[in-house]
Amino acid sequence: MEDLRTGYTEMTQDQFCVSIGIPRSTYQDMVKKGNKKIALEVIANICRTCQISVPTFFEEMGIDLSGIPNKAKERKKRSLV
C-alpha cells in the first residue's frame, strides 16, 4: 500500500487516507501488517486516487488474477455471434 501511495501520488499519508476514505491508523496497520483485507469501496478509491486500473491495483498488491475468467469479454463475444 505504501508503494502505491509513494509510487503513484505525491500525497502525504494523511492526504492519501482522506482521499481513500480510511483513518490514518487503519492505513498504518495495513502497511505494517501487510493486511490485504480491503473493502471494495476503498479499492475503488485507491484506484481513483492513484489513477490506476483495478487489475494494476491487484498486480501491485501481489495478487494474481490470472485464473479468474472475464465474463464481460465472454458476454461481448457471444453477443457478436
Side-chain angles (χ1 to χ4, degrees):
M1 181 81 71
E2 187 72 355
D3 290 341
L4 285 171
R5 179 183 69 82
T6 60
Y8 290 95
T9 77
E10 294 181 3
M11 295 179 171
T12 65
Q13 281 188 358
D14 289 331
Q15 292 168 326
F16 191 72
C17 292
V18 168
S19 181
I20 67 172
I22 63 171
R24 187 169 191 250
S25 59
T26 301
Y27 175 83
Q28 289 175 330
D29 283 345
M30 293 167 82
V31 170
K32 184 178 177 181
K33 298 175 184 174
N35 185 350
K36 292 185 180 177
K37 294 182 181 180
I38 304 170
L40 293 175
E41 183 178 350
V42 174
I43 292 171
N45 290 340
I46 291 168
C47 291
R48 283 187 204 100
T49 299
C50 294
Q51 297 182 333
I52 59 174
S53 66
V54 173
T56 299
F57 168 82
F58 283 105
E59 184 180 306
E60 292 283 345
M61 295 297 286
I63 299 170
D64 180 16
L65 299 178
S66 64
I68 299 173
N70 186 334
K71 295 291 185 183
K73 284 184 182 177
E74 291 175 19
R75 280 193 297 271
K76 189 173 185 178
K77 286 180 186 176
R78 279 189 252 143
S79 67
L80 295 176
V81 176

If you look only at distance, which donor and acceptor atoms sit under 3.5 Å apart when one is on a side chain in residues 58-67 and the other is two or more places apart or in another chain?
| unit_1 | atom_1 | unit_2 | atom_2 | d |
| --- | --- | --- | --- | --- |
| Glu60 | OE2 | Tyr8 | OH | 2.7 |
| Asp64 | OD1 | Ser66 | N | 2.9 |
| Asp64 | OD1 | Ser66 | OG | 2.8 |
| Asp64 | OD2 | Ser66 | OG | 3.0 |

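Sorted by first and then second residue, the ring pair (Phe, Tyr, Trp, His ring centres under 6.0 Å) pairs involving residues 20-48 (not counting sequence neighbours) are Phe16-Tyr27. Within the structure, salt bridge (charged side-chain N to carboxylate O under 4.0 Å, His left out) contacts touching residues 39-57 (residues at least two apart or in different chains) do not occur. Evaluation of the salt bridge (charged side-chain N to carboxylate O under 4.0 Å, His left out) test over residues 4-26, restricted to residues two or more places apart or in two chains, returns Glu2-Arg5, Asp14-Arg24.
Met30 and Val18 fall into different hydrophobic clusters, where Ile, Leu, Val, Met, Phe, Trp and Tyr are joined by side-chain heavy atoms under 4.5 Å apart, directly or via other members.
Taking the side-chain hydrogen bond (donor to acceptor under 3.5 Å, both in side chains) definition, one finds that Thr9 meets it with nothing, sequence neighbours left out. Not counting sequence neighbours, the partners of Ser25 by the side-chain contact (heavy atoms from CB on, under 4.5 Å) test are Pro23.
Judged purely by atom type and a 3.5 angstrom limit, Thr26 has no side-chain atom pairing as donor or acceptor with the backbone of Ile22.
Between the CD1 atom in Ile43 and the CD1 atom in Ile20 there is a gap of 10.5 Å [rounded to 0.5 Å].
Listed here is the closest heavy atom pair of Ser53 and Cys47: O-SG, 3.8 Å. Residue Leu4 comes nearest to Cys50 through the heavy atom pair O-SG, 3.9 Å, listed as atom of the first residue, atom of the second, then distance.
In this structure, Gln13 and Val31 have side chains that are not in contact, with every pair of non-hydrogen atoms separated by 4.5 Å or more.
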